[in-house]
There are 2 protein chains.
Amino acid sequence: MGEDTVRRARTGALADHGADLAAEPSAGTGGHTTKEAAPPRARGRREAGKEERRHRIIQAAREMIRETGRTGLSMRALAERAGVSLATPYNLFGSRGAVVLAVLEDVRDFQARFAQVRNGDPVDHILAVVDLAVEFYLGDPAFYTTLWREVFSVSGEVRTAIYNPRRDEFWLGLVNDIAAAGALREEIDTALLLRQLDHQFRSVMLDWVAGDLSAGLLGPTIKLGYALILCGAASDEARERIAHRVAESQRLLREAGERAAGATPS
Amino acid sequence: MGEDTVRRARTGALADHGADLAAEPSAGTGGHTTKEAAPPRARGRREAGKEERRHRIIQAAREMIRETGRTGLSMRALAERAGVSLATPYNLFGSRGAVVLAVLEDVRDFQARFAQVRNGDPVDHILAVVDLAVEFYLGDPAFYTTLWREVFSVSGEVRTAIYNPRRDEFWLGLVNDIAAAGALREEIDTALLLRQLDHQFRSVMLDWVAGDLSAGLLGPTIKLGYALILCGAASDEARERIAHRVAESQRLLREAGERAAGATPS
DNA sequence: TCGCCACTTATAACGCGTTACAACTTTCTC
DNA sequence: GAGAAAGTTGTAACGCGTTATAAGTGGCGA
């Protein structure tokens with residue numbers, strides 16, 4: 001039984017595909033997405049050709065996802081649109097899922113925007129960042145719902161690539177700011193706290209992506225969860241302020257819900 | 001190919017392994033497999049034959065999922081094992097995803113167990129129920145990780161079928177008990193609170209299913225989230241008690257994490 | 001009992017993701 | 001420039017989920 005048919009020789013390309021992702025034009029941030037194991041000397045015409053092909057494929061995939069939704073992204077159609085052979089996306093990325101992930105990572109330039117947000121109170125700050133992230137996705141909902149739907153449906157490695165160390169560091173910084181301001185109880189572990197916040201964020205996103213949550217409720221729902229969790233970890237001094245944000249989010253959510261319910265009796 | 005379309009004589013060991021899970025045959029209800037709500041009059045031999053075929057298919061699917069994981073559940077193999085034609089599962093269920101959902105609904109008998117749990121403090125009560133639910137899944141992890149992985153990867157209607165009104169009612173009762181005991185602030189909307197708890201639960205399950213969270217951390221992680229959120233909604237009188245549960249869950253989580261990290265440096 | 005009809009069956013087909021492999025073309029090395 | 005190395009291309013194939021269709025079968029009403 002030729003069980004060696006797995007033969008992940010090609011998958012090697014999947015490991016080093018991160019190199020070209022960050023090199024996307026719009027990004028500008030130039031962050032390294034994953035491990036950069038590729039030999040740094042190999043800057044020849046051959047490598048450039050590969051990179052250009054990779055870029056064409058990502059570009060074509062992005063366009064096709066935006067135009068037709070997930071169902072439109074067949075590997076044969078993708079290859080044709082990108083002007084490459086059917087085998088080439090597999091050579092360069094390894095699988096369809098890897099291509100989708102590459103598209104997602106290609107457009108992640110939150111960090112630049114996040115840097116703009118400045119706020120006195122660290123709790124207000126993290127909630128403002130949440131708003132910003134939500135705005136980002138709502139800026140192109142057709143694209144991102146499709147993309148995230150794909151992402152959720154693929155194996156775990158894909159999600160771990162999204163929730164990467166760089167991202168963790170950024171958000172952990174925000175939580176640590178809150179702790180440093182004395183707004184959290186002494187015994188609270190900020191890393192564990194962040195994971196709870198992440199769970200909240202991700203699960204609400206899943207609702208949105210699945211169509212169970214309207215765009216208007218996305219931000220308020222996430223912020224209510226954040227406020228509740230933070231309030232649960234708050235010190236005595238900071239609690240009242242955060243509790244106020246809980247009540248505020250709840251009010252927003254109820255109003256938006258009633259408005260939506262009145263508009264679409266779905 | 002079809003040389004020996006054996007009818008497989010439905011191995012009498014049918015109820016053996018599944019006994020602990022699905023022992024409850026949902027007798028009186030008449031198996032509401034889908035939203036069909038089978039007309040109560042149509043109890044002919046023809047309908048009985050259909051139901052028996054349905055049962056054979058679900059049973060075969062359950063066995064195959066347990067034995068081989070998701071990859072083993074191909075429609076052709078399923079049809080062969082169930083002793084039906086390839087077209088029959090499509091006639092009876094409609095799609096592969098619908099079969100998987102039917103398997104999931106077939107084994108959901110939490111409620112009976114939940115009724116056993118009695119506890120003085122309503123907060124302790126809901127956390128005990130969480131423990132029970134986690135235990136339920138951990139009782140057959142190979143089966144439930146596969147099943148939930150499938151569920152997460154299918155369209156939204158599947159999840160809404162899981163989070164159904166009956167389930168909501170049950171959990172909302174638990175949350176309302178907490179409110180009735182005066183442990184929550186006046187302004188807290190229990191329905192919204194429940195949704196935040198659900199998000200927590202579901203997202204942690206997703207982690208477990210994806211292999212990002214070990215079995216030992218599943219319960220503590222969920223309970224930490226629950227405790228944090230409840231603490232964030234707690235009234236002044238109840239807060240200290242709940243904050244204590246936060247600290248306790250956090251300690252458990254840290255210890256379990258360190259133990260796991262020491263054992264498997266993965 | 002007979003004929004209708006609902007349903008299953010067998011089978012072929014479609015497009016899909018993925019893999020394999022023999023050419024062919026381009027780049028690198030000497 | 002010659003030859004080696006690398007990579008793409010075209011194409012065939014596999015198993016998959018799903019659909020369509022003709023032929024068969026057995027329950028049910030008359």
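Within every chain, numbering begins at 1; the chains are lettered A, B, ... in the order of the sequence lines, protein sequences first and strands thereafter.
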Exercise. In whole angstroms, how far is the C1' atom of D:dT19 from the CZ atom of B:F93?
Worked result: 18 Å
Exercise. Should A:T88 be listed as having a side-chain N or O under 4.0 Å from OP1 or OP2 of D:dT9?
Worked result: yes
For this session: Report the distance from atom NZ of B:K50 to atom P of D:dG26, rounded to the nearest whole Å.
Result: 17 Å
For this session: Write out all pairs satisfying salt bridge (Lys or Arg N to Asp or Glu O under 4.0 Å) with one or both partners inside residues 79-89 of chain A, taking only residues at least two apart or from two chains.
Result: A:E63-A:R81, A:E67-A:R81
Exercise. With sequence neighbours left out, what residues match B:N91 under side chain to side chain donor-acceptor pair (under 3.5 Å)?
Worked result: none
Exercise. Just how far, in rounded Å, is C1' of C:dG15 from CD of A:E80?
Worked result: 14 Å
N/O to N/O distances under 3.5 Å, protein versus nucleotides 22-26 of chain C:
residue	atom	partner	partner atom	Å
C:dT26	O2	A:R46	NH2	2.9

Seminar exercise, completed: Contacts of A:V209 meeting side-chain contact (heavy atoms from CB on, under 4.5 Å) (sequence neighbours excluded), chain-then-number -> A:W148, A:R149
Are there any protein N/O atoms within less than 3.5 Å of an N/O atom in nucleotides 16-18 of chain D, and if so, which ones and at what distance?
residue	atom	partner	partner atom	Å
D:dG17	OP1	B:L73	O	3.3
D:dG17	OP1	B:M75	N	3.4
D:dG17	OP2	B:M75	N	2.8
D:dG17	N7	B:R76	NH1	2.9
D:dG17	N7	B:R76	NH2	3.4
D:dG17	O6	B:R76	NH2	3.1
D:dT18	OP2	B:Y90	OH	3.2
D:dT18	OP2	B:R96	N	2.8
D:dT18	O4	B:R76	NH2	3.1

Seminar exercise, completed: From CD of A:E52 across to P of D:dT8 the rounded distance in Å is 12 Å
For this session: Go through the structure and list residues passing salt bridge (charged side-chain N to carboxylate O under 4.0 Å, His left out) with B:R96, not counting sequence neighbours.
Result: B:E150
Problem set entry | Separation of atom CZ in B:R53 from atom C1' in C:dT9, rounded to whole Å | 11 Å
For this session: With sequence neighbours left out, write down each residue that passes side-chain contact (heavy atoms from CB on, under 4.5 Å) with B:L138, or none if nothing qualifies.
Result: B:V134, B:W208, B:A215, B:L218
For this session: Could you state the atom-to-atom distance from CG of A:L78 to C1' of C:dT18 in whole Å?
Result: 14 Å
Exercise. Distance-only, no hydrogens or angles: does the A:S203 side chain make a donor-acceptor pair with backbone N or O of A:H199 under 3.5 Å?
Worked result: no
Problem set entry | Minimum side-chain heavy-atom gap A:F136-A:D131 below 4.5 Å | no
Problem set entry | Which residues share a salt bridge (charged side-chain N to carboxylate O under 4.0 Å, His left out) with A:R56, sequence neighbours left out | A:E52
Seminar exercise, completed: Sorted by chain and residue number, the salt bridge (charged side-chain N to carboxylate O under 4.0 Å, His left out) partners of A:D168 (sequence neighbours excluded) come out as none
Exercise. Can a side chain N or O of B:N91 be found less than 4.0 Å away from OP1 or OP2 on C:dT8?
Worked result: yes
